[in-house]
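This report refers to the structure that appears directly beneath it.
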Amino acid sequence: MSATNGSTFLSRLDKTGTDILKCMHCGVCTGSCPSGRHTSLNVRNLLRKARKGESVLSDETLWTCTTCYNCQERCPRGIDIVDAIFEIRAIAVQEGIILKEHRTVGKLLVEHGHAVPINAENKAKREALGMDALPPTVHSFPNALSEVKKLLANCKFDELMSNE
Amino acid sequence: MSESARKEHEMNKLSLFLGCVIPNRYPGIEKSTKLCLEKLDIDCVDLEGASCCPAPGILRSFDKTTWLALSSRNISLTEDLGRDMLTICNGCYGSLADANNELKADEDLKESVNSHLAAVDREFKGTQDIRHITEFLYQEIEPENIRELVTNPLEIRVAVHYGCHLLKPSKGRVGMSVERPSFFDELVEATGAVSVDYPDKMECCGAGGGVRSALSDEALALTEHKLSMIEEAGVDCIVNACPFCHMQLDVGQTDLNERDGTEHSIPVLHYTQLLGLAFGYTVEELGIDLNSTLNKAFFEMIEDRP
């Protein structure tokens, strides 16, 4: 996989302005990580591996980051750590490495324009509250939904989510 | 409300961005928001035809170009109305405010996004602001003016949950403290309630970044910790400003009870539901009884108040 080649990987992170080479390994990121308190996510270690060009694309902890931004806010070197995680995740998804539940969420967006679309139970709840069964979003405006679908196709997001 | 406060907020015409989780999972929050906006005499119309923001953790992780294209389309809808956009979800606020700020600051990025929007005859101009209901109420209406409008003060103890994306990433945001903010607590206390401090108050609910959707056990580990801190503090309910945190803290209690045989039963309210109670609306009118975690004692306490 080309993207796991160290220099390509770093140059892509660098292009986003995310200079993970500035890291001095103080560990504030890992110490501040609420996910790391309960899961095996070690942010400092994850980015250290990425910096060395080791493959982190299949590292399961890549997806246990809740993107709370504690690490990024507190990093004394001002590294945009969560932005780096986003970039690594995006490279993984491009290479087809994506959890099936996440692909499902992406497909829901492509089909409905909502990552969490309406269902029968909530139509009933809306009506019980005296509201329209459908909200005034893309759910009520077919033209708006077509626009969203066209835009997602223009970004090739539909293809990205359909690659099995 | 003072004349000057009224004039001030008349300048801020808004459109209401609903997102996904509120209209499609917690419609009571949508209704509560509209009741509160009406009571506060805030000029706010539905942002018709809006889509998913799209979600700042999960969808931004997949492809940044798509994330920017879809968020800028939503922003272009409010630009067409000449109104600032009001969000009632931390995730929607995070995505839309960050996209808006990035695009306003970077001409090349704006050009690139507009090349996608051109396919649907739209354009991002960068003429409007994105607001979150808590910082909007705090800065434009102010807690003291809200307190004056409260008809049924709430004598309850509240665990405030800020959530992450309301405040972070802080770059480009409104300048509230990330580590120890107080504006949300002040809004909660304007209803007569007491905001009770608790350990790890600023910690994540566990849902964000796609963790809830694909790694629910990991998400629940964070939720369980957060709930245990809140339970030790002895509160009547949790108040949040984000339907995704709301869902994680509400459905998370049911999930933990089913999995572990625990008896978590803390009512979870969005701020607009708390404010709605203080304006005299009922639990049913605000859809608080449509949560997954139902606490009869809390409902009775609310109904019995003067």
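First the proteins, then the strands, lettered A, B, ... as listed; each starts at 1. As the structure is a computational prediction, the values presented were derived from the model and not from experiment.
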Distance (rounded to the nearest 0.5 Å) between [X] [atom1] and [Y] [atom2]:
{"X": "A/Arg103", "Y": "B/Phe62", "atom1": "CZ", "atom2": "CZ", "value": "9.0 Å"}
{"X": "A/His112", "Y": "B/Ser51", "atom1": "NE2", "atom2": "OG", "value": "13.5 Å"}
{"X": "B/Leu167", "Y": "A/Cys68", "atom1": "CG", "atom2": "SG", "value": "11.5 Å"}

Does a side-chain heavy-atom distance below 4.5 Å link [X] with [Y]?
{"X": "A/Leu109", "Y": "B/Leu59", "result": "yes"}
{"X": "B/Leu215", "Y": "A/Trp63", "result": "yes"}
{"X": "B/Leu18", "Y": "A/Thr137", "result": "yes"}
{"X": "B/Leu222", "Y": "A/Arg37", "result": "no"}
{"X": "B/Arg60", "Y": "A/Asp83", "result": "yes"}
{"X": "A/Leu99", "Y": "B/Ser213", "result": "no"}
{"X": "A/Thr66", "Y": "B/Arg212", "result": "no"}
{"X": "A/Arg126", "Y": "B/Lys31", "result": "no"}

Is it the backbone or the side chain of [X] that comes under 4.5 Å from a heavy atom of chain B, or both, or neither?
{"X": "A/His139", "answer": "side chain"}
{"X": "A/Phe141", "answer": "side chain"}
{"X": "A/Leu129", "answer": "both"}

### Contact origin within B/Asp121 toward chain A - heavy atom pairs under 4.5 Å
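B/Asp121 has no heavy atom closer than 4.5 Å to chain A.
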
### Query
Relative to chain A, which segment of B/Glu285 carries a heavy atom at a distance below 4.5 Å: side chain, backbone, both, or neither?
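B/Glu285 touches chain A through backbone heavy atoms alone.
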
Under a 4.5 Å heavy-atom cutoff, which of [options] has the most pairs with chain A?
{"options": "B/Lys226, B/Glu203, B/Glu284", "value": "B/Glu203"}
{"options": "B/Gly206, B/Gly28, B/Ala50, B/Cys205", "value": "B/Ala50"}
{"options": "B/Gly94, B/Gly163, B/Cys204", "value": "B/Cys204"}
{"options": "B/Pro54, B/Cys52, B/Cys164, B/Ala55", "value": "B/Cys52"}
{"options": "B/Leu47, B/Leu16, B/Ile58, B/Thr65", "value": "B/Ile58"}
{"options": "B/Lys171, B/Met202, B/Lys34", "value": "B/Lys171"}

Any donor and acceptor pair, going by atom type alone, linking the side chain of [X] with main-chain N or O of [Y] inside 3.5 Å?
{"X": "A/Asn122", "Y": "B/Asn24", "value": "yes"}
{"X": "A/Asn154", "Y": "B/Ala119", "value": "no"}
{"X": "B/Arg25", "Y": "A/Pro117", "value": "yes"}

### Query
Stepwise, does the side chain to side chain contact (heavy atoms under 4.5 Å, CB included) test hold for B/Glu218 with A/His38?
CA-CA 7 Å; B/Glu218 281 81 354; A/His38 307 284; over 6 Å; no

### Task
Search all heavy atoms of A/Leu151 against all heavy atoms of B/Leu70 and return the closest pair with its distance.
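Minimum heavy-atom contact is CD2-CD1, 4.1 Å.
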
### Query
What's the shortest heavy-atom distance between B/His116 and A/Cys155, and which atoms?
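Answer, listing the atom of B/His116 first, then A/Cys155: ND1-SG, 3.8 Å.
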
### Message
Please check if the number of heavy atoms outside A/Lys22 that lie under 6.0 Å from its NZ is greater than 12.
### Response
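Atom NZ in A/Lys22 is packed in, count exceeds 12.
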
### Message
Quick check on A/Glu127: does its CD atom have over 12 non-hydrogen neighbours (other residues, nucleotides or ligands) under 6.0 Å away?
### Response
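Yes, because the 6.0 Å sphere around CD of A/Glu127 holds more than 12 heavy atoms from other groups.
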
### Task
Please check if any side-chain donor atom of A/Glu73 sits under 3.5 Å from a side-chain acceptor atom of B/Ser170, or the reverse.
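Per modelled atom types, A/Glu73 and B/Ser170 side chains form a pair under 3.5 Å.
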
### Donor-acceptor pair between B/His165 and A/Thr67 side chains, under 3.5 angstrom
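Looking only at side-chain atoms, A/Thr67 and B/His165 do form a donor-acceptor pair, the distance falling under 3.5 Å.
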
### Task
Report the residue from B/Pro243, B/Pro23, B/Cys20 that forms a side-chain contact (heavy atoms from CB on, under 4.5 Å) with A/Val116.
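When B/Pro243, B/Pro23, B/Cys20 are each tested with A/Val116, the side-chain contact (heavy atoms from CB on, under 4.5 Å) holds only for B/Cys20.
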
Got a salt bridge between [X] and [Y], using NZ or NE/NH1/NH2 to carboxylate O under 4.0 Å?
{"X": "A/Lys125", "Y": "B/Asp289", "value": "no"}
{"X": "A/Lys156", "Y": "B/Asp63", "value": "no"}
{"X": "B/Lys64", "Y": "A/Glu87", "value": "no"}

For each of [options], tally heavy-atom pairs with chain B at distances under 4.5 Å, and name the one with the top tally.
{"options": "A/His102, A/Gln72, A/Glu60", "result": "A/His102"}
{"options": "A/Val138, A/Leu41, A/Val105", "result": "A/Val138"}
{"options": "A/Val82, A/Asn70, A/Ile118, A/Thr39", "result": "A/Ile118"}
{"options": "A/Met131, A/Lys100, A/His114", "result": "A/His114"}

